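Accompanying notes for the structure given below.
All heavy atoms count here, side chains included; hydrogens, waters and symmetry mates do not. Because the structure is a prediction, the values reported are computed rather than measured.
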Amino acid sequence: MTSEKRVVVIGGGLAGLRLAERLGPAAAVTVLGEESHVPYNRVLLAEVLAGRYAPEVTALPAPGPVLRRGVRAVRVDRAERAVHCDDGTVAAYDTLVLATGSNAVLPPLRGLFEPGGRELPDGVHAFRTMDDCLALSAAVRPGVRAVVIGGGLLGVSAARALAARGAVVVLAQQGERLMERQLDADSSALLATHLTGLGVEIHTECRVRGLVTTGSPAAPPPGARRGADTARKVTGVELADGYRLDADLVVLACGVRPRTGLAQAAGLDIRKGIVVDDELRTSDPRIHAIGDCAEHAGQVYGLAGAALEQADALAAVLTGGSAPYTGTRALTRLTLGGTGDGSLDLAAFGETTPLPGDDVVRLTDGTRRTYRKVVLRGDRLVGGVLLGELSTVGALARTWEGGEAPHDLFHLLTDDGGH
């Protein structure tokens, strides 16, 4: 690839900026970033909400003039090889990269939207972007009643952040346990105990049916503006069993969905995400996709680690490398704050729930609040979960990632196993 090669990247998040950085002077790169904010690390938004970090701490390295902020791509013309933007500009490309990320899932709740409308009631927030985070941060104060809908990684992070700000927090999870995609039953129970200690009230196997709001649901008369006295505001959350939770704030943490609208309108192959091959090519060989929007081998990762690995792999492809992308082995890490020594670290990787015939090794220490479990299939480490002390997670993850047989499993599970 020469510097005259025009690479247009749609998306100014982790994946898009990492690719631009890796390509460097090897191509003429333009990154179209829809958000007007300085690029930021989305992983740190919960720390901003908790008041532990200022927003500027989340900033990614300055990408320079390759990034056009506040510009939204509205159409991809594959015949012209051009991207049309909302400001009227057109970016021509030789290679196009879709790094459009994902959107927060807005569940089909009664009262979420007015008929034909798409405006959330006052007090109801998604938790996906910096704007979401800043709006929620401005609304929270000590004693405010907050309901978090969703008990996955994002919901758990939001609940503990709101509790750290003094809110009275209820977490409603439809599934049987918290973070059920990453944790097994025992570790999830320990997590629930920790959150309860932070003041979070937890309801599992709890389906939310709708929102209770005040204010007129009807549109204002012609020529009139909706005022503060008629704006809809959330006052509660209604559960499927008829129970009502009072709420001043509601956080929607119901997962994310790949942003595929541009790709679909351009006629690319879409399933759960934008389908890509081992060179991260879409069904159009001049267009690639990376990050949360991409589906590789049936998998949409939605994780920062996978986005960065895909960006690195694509940079190698575009600069003449031949190493295919074979997938990401994802490690989830989270620190849940507390007072004094009341924080809790957790990590999970691979398959944490064993299949018939698998071997399981557990080490628990109630006094030190540590839990370690690994799953073995034959002589291979296929997954694990750790809470409390994480000094061994590096060595365990390297063994798992390498598909190796652990030579001394007890050593890997003990406190000094990572050293």
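- Although no hydrogens or angles enter the test, the distance criterion places a donor-acceptor pair under 3.5 Å between the side chain of R232 and the main chain of L112.
- For the pair V83/L32, a side-chain contact is recorded, criterion being any heavy-atom separation below 4.5 Å from C-beta on.
- Remark: E176 CD is loosely packed, at most 12 non-hydrogen atoms of other residues, nucleotides or ligands lying under 6.0 Å away.
- Pairs passing the ring pair (Phe, Tyr, Trp, His ring centres under 6.0 Å) check and including a residue from residues 260-305, sequence neighbours excluded, read H296-Y325.
- Looking at every heavy atom in both residues, K272 comes nearest to G298 through NZ-O, 2.7 Å.
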Below 3.5 Å, can you tabulate the donor-acceptor pairs from side chains in residues 250-259 to any protein atom, sequence neighbours excluded?
from: R259; atom 1: NH1; to: E34; atom 2: OE1; distance (Å): 3.3
from: R259; atom 1: NH2; to: E34; atom 2: OE1; distance (Å): 3.0

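- Under 4.0 Å is where a charged nitrogen must lie from a carboxylate oxygen, and between D87 and R72 no such pair does.
- Side chain of Q173 to backbone of R177: a donor-acceptor contact under 3.5 angstrom is found.
- For the pair A313 and L280, the tightest heavy-atom approach, listed with the atom from each and the gap, is CB-CD1, 4.1 Å.
- Among residue pairs with one or both ends in residues 46-99, none qualify as ring pair (Phe, Tyr, Trp, His ring centres under 6.0 Å); sequence neighbours excluded.
- Between the side chain of S137 and the main chain of C133, no donor-acceptor pair closer than 3.5 Å is present.
- Shown here are the salt bridge (Lys or Arg N to Asp or Glu O under 4.0 Å) partners of R75, two or more places apart in sequence or in another chain: D77.
- A 4.5 Å side-chain heavy-atom check between V124 and L211 finds at least one atom pair inside the cut-off.
- A 4.5 Å side-chain heavy-atom check between F127 and L49 finds at least one atom pair inside the cut-off.
- With a 4.5 Å cut-off on side-chain heavy atoms, L396 and V374 count as touching.
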Before giving the answer on side chain to side chain contact (heavy atoms under 4.5 Å, CB included), spell out for V385 and L387 the whole-Å C-alpha distance, their side-chain angles and the decisive distance to 0.1 Å.
CA-CA 7 Å; V385 56; L387 274 80; 3.9 Å; yes
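- Every pair tested for salt bridge (Lys or Arg N to Asp or Glu O under 4.0 Å) that includes a residue from residues 24-33 fails, sequence neighbours excluded, so the list is empty.
- Salt bridge E401/R380: absent, no basic N to carboxylate O contact under 4.0 Å.
- With rounding to the nearest 0.5 angstrom, the CG atom of D241 is 9.5 Å from the NE2 atom of H203.
- Looking only at distances, a side-chain donor or acceptor of S188 sits under 3.5 Å from a matching main-chain atom of L178.
- Applying the salt bridge (Lys or Arg N to Asp or Glu O under 4.0 Å) test to residues at least two apart or on different chains, the pairs with a partner in residues 137-148 are R145-D246, R145-D248.
- Side chains of T332 and R181: a donor-acceptor N/O pair is absent below 3.5 angstrom, by distance only.
- Here the CG-CD1 distance, from L98 to I274, works out to 4.5 Å after rounding to the nearest 0.5 Å.
- Here Q299 contributes atom CD and T328 contributes atom OG1; the two are 9.0 Å apart, rounded to the nearest 0.5 Å.
- More than 12 heavy-atom neighbours from other residues, nucleotides or ligands sit within 6.0 angstrom of CZ on R78.
- Classification of D184 and K373 as a salt-bridged pair holds, one side-chain N sitting under 4.0 Å from a carboxylate O.
- Using a 4.0 Å cut-off between charged side-chain N and carboxylate O, D94 and R6 make a salt bridge.
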Worked check of side chain to side chain contact (heavy atoms under 4.5 Å, CB included) between T58 and V48
CA-CA 8 Å; T58 70; V48 175; 3.5 Å; yes
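- Listed by chain and number, the residues in a salt bridge (Lys or Arg N to Asp or Glu O under 4.0 Å) with D131 amount to none (sequence neighbours excluded).
- At distances below 3.5 Å, at least one donor-acceptor pair connects side-chain atoms of S157 with backbone N or O atoms of L153.
- Listed by chain and residue number, nothing satisfies the salt bridge (Lys or Arg N to Asp or Glu O under 4.0 Å) test with D278 (two or more places apart in sequence, or in another chain).
- Listed for the E295 side chain is no donor-acceptor partner under 3.5 Å among the backbone atoms of V275.
- Taken from CG in L314 to OG1 in T95, the straight-line distance is 8.5 Å, to the nearest 0.5 Å.
- One finds the CG atom of L106 at 6.0 Å from the CG atom of L120 (value rounded to the nearest 0.5 Å).
- Between the side chain of Q310 and the backbone N or O of G291 there is at least one donor-acceptor pair closer than 3.5 Å.
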Kindly list each side-chain donor-acceptor pair under 3.5 angstrom involving residues 344-352, sequence neighbours excluded, with atom names and distances?
from: D345; atom 1: OD1; to: T335; atom 2: OG1; distance (Å): 2.7
from: E351; atom 1: OE1; to: R377; atom 2: NH1; distance (Å): 3.4
from: E351; atom 1: OE1; to: R377; atom 2: NH2; distance (Å): 2.9
from: E351; atom 1: OE2; to: R377; atom 2: NH1; distance (Å): 3.1
from: T352; atom 1: OG1; to: Q182; atom 2: O; distance (Å): 3.3

Using residues 11-26 as the side-chain source, report each donor-acceptor pair under 3.5 Å to any protein atom, sequence neighbours left out, with the distance given to one decimal.
from: R18; atom 1: NE; to: D312; atom 2: OD1; distance (Å): 2.8
from: R18; atom 1: NH2; to: D312; atom 2: OD2; distance (Å): 3.0
from: R22; atom 1: NE; to: D312; atom 2: OD1; distance (Å): 3.1

Could you go through I10 and V97, starting from their C-alpha distance and side-chain angles, then the distance that decides it, and tell me whether this counts as side chain to side chain contact (heavy atoms under 4.5 Å, CB included)?
CA-CA 6 Å; I10 302 178; V97 180; over 6 Å; no
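- In this structure, the side chain of E80 does not engage the main chain of A82 through any donor-acceptor pair within 3.5 Å.
- The shortest heavy-atom contact between H125 and A139 is NE2-CB, 4.2 Å.
- Partners of E180 by salt bridge (Lys or Arg N to Asp or Glu O under 4.0 Å), not counting sequence neighbours: none found.
- With D365 contributing its side chain and T370 its backbone, the two residues share no donor-acceptor pair below 3.5 Å.
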Derivation of the side chain to side chain contact (heavy atoms under 4.5 Å, CB included) call for L191 and M179
CA-CA 9 Å; L191 172 60; M179 290 182 64; 3.7 Å; yes
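- In this structure, the separation between OG1 on T235 and CG on L245 is 11.5 Å, given to the nearest 0.5 Å.
- In this structure, H37 and P55 have side chains that are not in contact, with every pair of non-hydrogen atoms separated by 4.5 Å or more.
- R329 is listed as a side-chain neighbour of W400, based on a closest heavy-atom distance under 4.5 Å.
- For the residue pair D269 and S283, no side-chain donor N or O sits within less than 3.5 Å of a side-chain acceptor on the partner.
- The salt bridge (Lys or Arg N to Asp or Glu O under 4.0 Å) pairs that include a residue from residues 202-211 are R209-E238, where partners are two or more places apart or lie in different chains.
- A side-chain donor-acceptor contact under 3.5 Å links T129 to the backbone of D132.
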